[in-house]
Structure formats: C-alpha cells, structure tokens
Amino acid sequence: MKFRKHRIAAIAAAFVMAAGASQAATYTASNVVAEGTSYGTCATYSLAACDANQRRVVGNALGETDGRFYSLGLGGRLTLGFGAAMFGPGALLTLEEVTFGGPQAGGHREAVDVYSVLGGVATFVQTVYNTAAVTSLRIANSFDHIQLVDATLREYAGTRSYDGFDVDSVKVTIAPVPVPAAGALMLAGLGGLAMLRRRKAAV
Ligand SMILES: [Ca+2]
Ligand SMILES: [Ca+2]
C-alpha cells in the first residue's frame with residue numbers, strides 16, 4: 001500500500017512537471033533601469049499638451065495595458081526590467097502604443113528602436129511604428145532588459161509629433177516548451193518509476 005501511494009505521487013509529480021513546462025509565461029515591465037527623455041520640443045508646441053494625460057509619468061509604461069502611457073520624448077530612451085534575471089533566445093516582446101485617433105490624425109507619426117540588453121550590451125532588434133497599436137516581435141538572443149530609443153524624427157522627417165513614441169505597456173512572453181520535450185519529461189518520470197518498481201521487486 002505504501003509503495004502504491006508513492007507511485008501515485010510520482011505519477012502526479014510527473015504530470016505537473018510536464019504541464020508546467022508546456023505553458024507560456026508573460027512578464028510585464030516592472031521597473032525602470034534607466035531613463036533619458038528630451039521634452040524640449042514640448043515647450044515650443046504646448047507645454048500643457050505635453051503634461052496632458054500624465055504622459056511624463058514613467059510608471060505609466062509599467063504593468064498591464066491600461067490606457068495610461070509614457071511619452072519617450074523625441075530621441076528619448078528608456079530601459080526596462082521585468083522581474084526576471086534573464087530571458088533565453090526566442091522570447092516574444094509585445095509593445096503597446098497609444099496615439100489618440102491613430103497616427104494619421106494630425107500627422108502624429110512616431111517610431112521607436114527596440115534593443116535587447118544583456119549584461120549592459122544593447123543589441124538592435126527592430127524599429128516599431130505607431131501605425132499599429134500593438135506590435136509583437138521575436139527576440140533571437142538572450143537578454144535581461146529591453147531598451148527603447150525614440151526614432152520619430154529619423155523615420156518621419158515631416159512628423160507633427162512633439163513628444164515621441166508613447167508606451168502603454170511592454171511585455172515579454174516566454175515560448176512554451178515544445179510538447180515532445182514536455183512528453184520526454186513525463187517519460188523520464190515514468191522511467192524512474194519503473195526503476196523503483198524493479199528495485200522493490202529485487203528486495
Ligand atoms: Ca507621442
Ligand atoms: Ca500603461
């Protein structure tokens with residue numbers, strides 16, 4: 001009876017391991033590592049417009065998507081952490097942007113360069129445009145932080161944007177372990193059981 005109980009516990013553990021390994025996990029940006037904004041153009045446009053919607057509050061870029069956003073400022077940069085030490089190759093980055101009425105409204109076209117950062121070394125990933133509210137991109141290499149650098153003036157010389165790319169949320173999703181790998185984990189668990197059974201039988 002004792003052995004049977006152990007076996008059931010081991011099978012249950014194997015299933016839990018397999019299920020856990022096959023699920024994706026999502027991390028929202030949780031802390032600001034570095035920040036460097038330039039709101040110089042705001043003064044010439046309208047300081048009040050730059051203060052509207054608390055768009056200078058950097059915390060608006062953290063956590064889940066909520067409609068509150070942080071404006072990078074033209075040429076501004078922001079480095080974010082996610083409460084995880086490091087992400088392996090193949091993680092999915094999702095960037096949510098806010099431009100009221102869409103970028104076509106008033107010619108407010110904006111862009112941002114996305115970098116993955118590992119050990120303080122930044123690697124360019126992709127330029128993201130505010131023509132889409134949500135952009136997802138795959139990051140090929142390992143990283144511990146994400147850096148965003150506003151590229152609005154470089155990409156859109158005639159833009160009417162005065163405060164750069166607007167960040168509502170930044171998320172990292174770890175790809176699930178492929179099913180064969182999860183299955184292998186389970187088989188390893190069952191294999192251990194078989195060994196246990198043989199050892200018991202020999203006694
Ligand atoms: Ca903006
Ligand atoms: Ca937000």
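Below, all heavy atoms of this structure are taken into account, side chains as well, without hydrogens, waters or symmetry copies. Nothing fancy with the numbering, it's 1 onward along the sequence. Remember, it's 1-based here, ligands and their atoms both numbered in the order they're listed.
Within the 4.5 Å cutoff, the side chain of Asn53 has heavy atoms near those of the Phe69 side chain. Under the 4.5 Å side-chain criterion, counting only non-hydrogen atoms from C-beta, Asp66 is not in contact with Ser169. Contact annotation: the side chain of Lys171 never approaches that of Leu93 to less than 4.5 Å [non-hydrogen atoms, C-beta and beyond].
The minimum distance between the Ca ion (ligand 1) and any N, O or S atom of Glu110 involves atom OE2.
The distance from the CD1 atom of Ile146 to the OH atom of Tyr115 is 12.0 Å, given to the nearest 0.5 Å.
Between the Ca ion (ligand 2) and Asp66 there is an N/O/S contact shorter than 3.0 Å. Here Asn60 meets the criterion, with an N, O or S atom under 3.0 Å of the Ca ion (ligand 2).
Draw a line from the Ca ion (ligand 1) to OD1 of Asp163 and another to O of Gly164, and the angle between them is 90° (to 10°). To the nearest 10 degrees, the angle centred on the Ca ion (ligand 2) between O in Arg68 and O in Asp168 reads 110°.
Put simply, the side chain of Arg138 gets close to the backbone of Gly90: a donor and an acceptor are under 3.5 Å apart.
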